[in-house]
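Okay, structure first, notes after.
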Amino acid sequence: MEDCFLRTVAEIKENQKLTKEQLQSILTDRDEAHEAALFAAATEVAEQTFQKQIYLRGLIEFTNYCKNDCYYCGIRCSNKKAERYRLSKEEILSCCDKGAALGFRTFVLQGGEDPYYTDEMICGIISEIKKKHPDCAVTLSIGEKPKESYRRFFESGAERYLLRQETADEAHYKTMHPPAMSAENRKQCLWDLKEIGYQVGCGFLVGTPGQTATEIYEDLHFMQKLQPQMIGIGPFLAHKDTPWHDRPDGSVQDTLRLLAVLRLLFPKALLPATTALGTADPKGREKGILAGANVLMPNLSPAAVREKYLLYDGKICTGEEAAECVRCLKERIERIGYTIAESRGDHPDFCR
Ligand code: SAM
Ligand code: FES
C-alpha cells in the first residue's frame with residue numbers, strides 16, 4: 001500500500017508547492033520514519049546545489065538600542081533592565097578584521113532599530129569595510145527603513161539584507177507587536193529591498209503564541225511570491241523581561257520540519273541553522289543542517305558585549321571568543337559529514 005506521507009514529501013519535492021492540508025500533515029505526523037524521510041529528501045535537495053558545504057556568516061551585533069517594542073524581544077525599548085551598548089565604527093571594523101583573519105567572507109551587521117546611526121554613518125561603515133575587505137560581502141540587518149535609505153546602503157556596497165517578516169499574517173502580527181508596527185510595512189520593505197537589487201532574507205518565528213498551520217501557510221505563500229534568496233526561521237524563545245516571559249517556547253521539532261519544507265520549496269535558498277535553534281537544543285544546529293539548512297552565523301561581536309544582545313533567555317555562545325566559536329562549529333560540522341565553504345556564499349543566481 002502506498003504511504004500517503006511519503007507521497008506528500010515526493011510531491012512537494014517534485015512541484016515545489018504544497019497545500020495547507022499537506023503542511024498540516026507534516027506538522028502533526030509523529031511517525032519517526034516519516035520524519036527521517038522528510039529530512040532525507042531535504043538534505044538530498046540541499047546537496048544537489050551546495051554539495052555538503054556550509055557557509056559561515058560573521059555576525060556583528062553592533063547595537064542593542066531599539067526604538068521598537070516587539071512583545072517577544074529582549075532588547076525592546078521598554079526593557080529597562082537591558083544594559084545598552086553601541087559599537088563605534090572602529091570597533092566594528094576591528095570585528096571584521098578579526099573575522100577576515102579567521103576566514104569569514106561575509107559580515108552581517110545586525111542591531112536594534114537605533115536612530116543614533118544615521119544613514120551617513122551606516123554608509124561610511126559599509127564603504128570602509130568594503131575598502132578593507134573587498135572580497136567580503138556585507139549583509140545588513142537593521143530593520144525597517146525608507147526605500148531611499150536602503151538604496152544608499154546598497155550604493156555604498158551592502159549586497160544583502162535580512163529582515164524577517166516575523167509573520168505574514170496581519171492579525172497575528174498585531175498580537176506580537178504594538179499598534180504602530182504593521183506586517184504590511186514590513187513586507188513592503190522586503191519588496192523595496194528586492195527591487196533595489198539586494199539578496200534578500202526574510203523569515204518567521206516558529207511557535208509564537210496563537211500561531212497555527214494557517215499562519216505558517218500564509219508565510220510560505222508570501223515567501224513563494226517574494227522568492228527570497230535567504231530564509232531565517234527559529235523557535236520563539238521567551239525572555240524573562242518581556243511581556244511574553246511566561247509563554248511556552250516554540251518547538252524544535254516543528255522548526256526542523258519547517259526547515260525541511262523550506263528546503264523542498266526553495267532548493268537554492270540560503271537557510272541558516274539559527275542560534276535560537278542551537279539554544280533550544282544543544283544539537284539544534286547540527287539537526288538543522290540534517291534537515292536541509294546550509295548556513296551558520298557565528299558571533300563576531302566583542303566578547304564584552306555579547307551577553308547584552310540578549311533577545312531571549314539562555315542564548316548560547318555568549319562567553320566564547322570568535323576563534324573558539326569557529327573551531328567548535330567546524331568540529332561539529334565535520335562530525336556530521338559536512339565541511340565549511342571558503343567562498344562568499346552568494347545565492348547561486350547571484351554568483352559573481
Ligand atoms: N532590528 C532588526 C530587525 O528588526 O530585523 C534585527 C534585529 S532582530 C532582534 C533579529 C531577529 O531576532 C528578529 O527578526 C526576530 O525574529 C528574532 N528574535 C527576537 N526576539 C526573539 C525571541 N524572543 N526568540 C527568538 N527569536 C527572536
Ligand atoms: Fe527591536 Fe527587538 S524590538 S530588535
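Residue numbers run from 1 in the order of the sequence given. First listed ligand is number 1; within each ligand, the first listed atom is number 1.
The contact set between ligand 1 and Tyr309, taken as ligand atoms under 4.0 Å from a residue heavy atom, comprises 7 (C), 9 (C). Close contacts between ligand 1 and Cys73 involve ligand atoms 19 (C), 20 (N) [criterion: under 4.0 Å to a heavy atom]. Near Gln110, meaning under 4.0 Å from one of its heavy atoms, ligand 1 places the atoms 6 (C), 7 (C), 10 (C). Short contacts between ligand 1 and Arg186, defined as distances under 4.0 Å to a heavy atom of the residue, involve ligand atoms 3 (C), 4 (O), 5 (O).
A continuous path of ILVMFWY side-chain contacts below 4.5 Å connects Ile231 to Leu23, so both sit in one hydrophobic cluster. Hydrophobic clustering, with ILVMFWY side chains joined whenever heavy atoms are under 4.5 angstrom apart, groups Val9 together with Leu256. Phe222 and Leu270 are assigned to two separate hydrophobic clusters, defined by single-linkage of ILVMFWY side chains at heavy-atom distances under 4.5 Å.
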Point to revise | Verdict with supporting geometry, Ser343 and Tyr55, side-chain contact (heavy atoms from CB on, under 4.5 Å) | key: CA-CA 8 Å; Ser343 66; Tyr55 297 118; 3.6 Å; yes

Review point. Could you go step by step and tell me if Asp97 and Lys132 meet the side-chain contact (heavy atoms from CB on, under 4.5 Å) rule?
Key: CA-CA 8 Å; Asp97 293 346; Lys132 286 185 87 178; 2.8 Å; yes

Point to revise | Verdict with reasoning, Glu307 to Lys315, per salt bridge (Lys or Arg N to Asp or Glu O under 4.0 Å) | key: CA-CA 8 Å; Glu307 278 194 12; Lys315 187 176 163 203; over 6 Å; no

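Ranking protein heavy atoms by distance to atom 22 (C) of ligand 1, first place goes to Leu237 O, 3.5 Å. Tyr72 CD1, 3.4 Å is the protein heavy atom nearest to atom 20 (N) of ligand 1. Given atom 25 (C) of ligand 1, the protein heavy atom at minimum distance is Pro235 O, 3.4 Å. The nearest protein atom to atom 27 (C) of ligand 1, hydrogens excluded, is given as Leu205 CD2, 3.9 Å; this is a heavy-atom distance. The protein heavy-atom contact nearest to atom 18 (N) of ligand 1 is Leu311 CD1, 4.1 Å.
Side-chain atoms of Glu47 never come within 3.5 Å of backbone atoms of Lys52 as a donor-acceptor pair (strictly under, hydrogens ignored). Gln227 contributes a side-chain N or O that, together with a main-chain N or O of Gln224, makes up a donor-acceptor pair within less than 3.5 Å. Using modelled atom types, no side-chain atom of Asn299 and backbone atom of Cys317 make a donor-acceptor pair closer than 3.5 Å. In this structure, the side chain of Ser149 does not engage the main chain of Lys145 through any donor-acceptor pair within 3.5 Å.
Heavy-atom distances between Ser141 and ligand 1 reach below 4.0 Å in at least one pair. Every heavy atom of Gly203 sits 4.0 Å or more from the atoms of ligand 1. Using a 4.0 angstrom heavy-atom cutoff, Gly74 does not count as in contact with ligand 1. Under the 4.0 angstrom criterion for non-hydrogen atoms, Tyr161 is not in contact with ligand 1. A heavy-atom separation below 4.0 Å is found between Glu166 and ligand 1. Within the 4.0 Å heavy-atom cutoff, Gln165 does not count among the residues contacting ligand 1.
Ligand 1 has no N or O atom lying under 3.5 Å from any N or O atom of Tyr312, backbone or side chain. Considering backbone and side-chain N/O of Gly111, one or more are found under 3.5 Å from N/O of ligand 1. For a threshold of 3.5 Å applied to N or O pairs, the pair formed by Arg164 and ligand 1 contains at least one separation below that value. Any N or O atom pair closer than 3.5 Å counts here, and Phe236 shares no such pair with ligand 1.
Checked against a 6.0 Å centroid threshold, the rings of Tyr161 and Tyr150 count as neighbours. Checked against the 6.0 Å centroid criterion, the rings of Phe236 and Tyr72 do not qualify as a close aromatic pair.
Protein non-hydrogen atoms do reach within 4.0 Å of atom 7 (C) of ligand 1. Put simply, atom 1 (N) of ligand 1 has protein non-hydrogen atoms near it, under 4.0 Å away.
A salt bridge is defined here as a Lys NZ or Arg NE, NH1 or NH2 lying under 4.0 Å from an Asp or Glu carboxylate O, and Asp114 with Lys67 fails to meet this definition. Salt-bridge formation is detected for the pair Asp346/Arg160: a Lys NZ or Arg NE/NH1/NH2 atom is positioned less than 4.0 Å from an Asp or Glu carboxylate oxygen.
Nearest heavy-atom pair, Ser251 versus Pro235, reported as atom, atom and distance to 0.1 Å: O-CB, 4.5 Å.
Protein contacts to atom 2 (Fe) of ligand 2 involving N, O or S atoms at a distance below 2.8 Å are Cys73 SG.
By the 30° and 60° cut-offs, the orientation of the rings of His133 relative to Phe107 is perpendicular.
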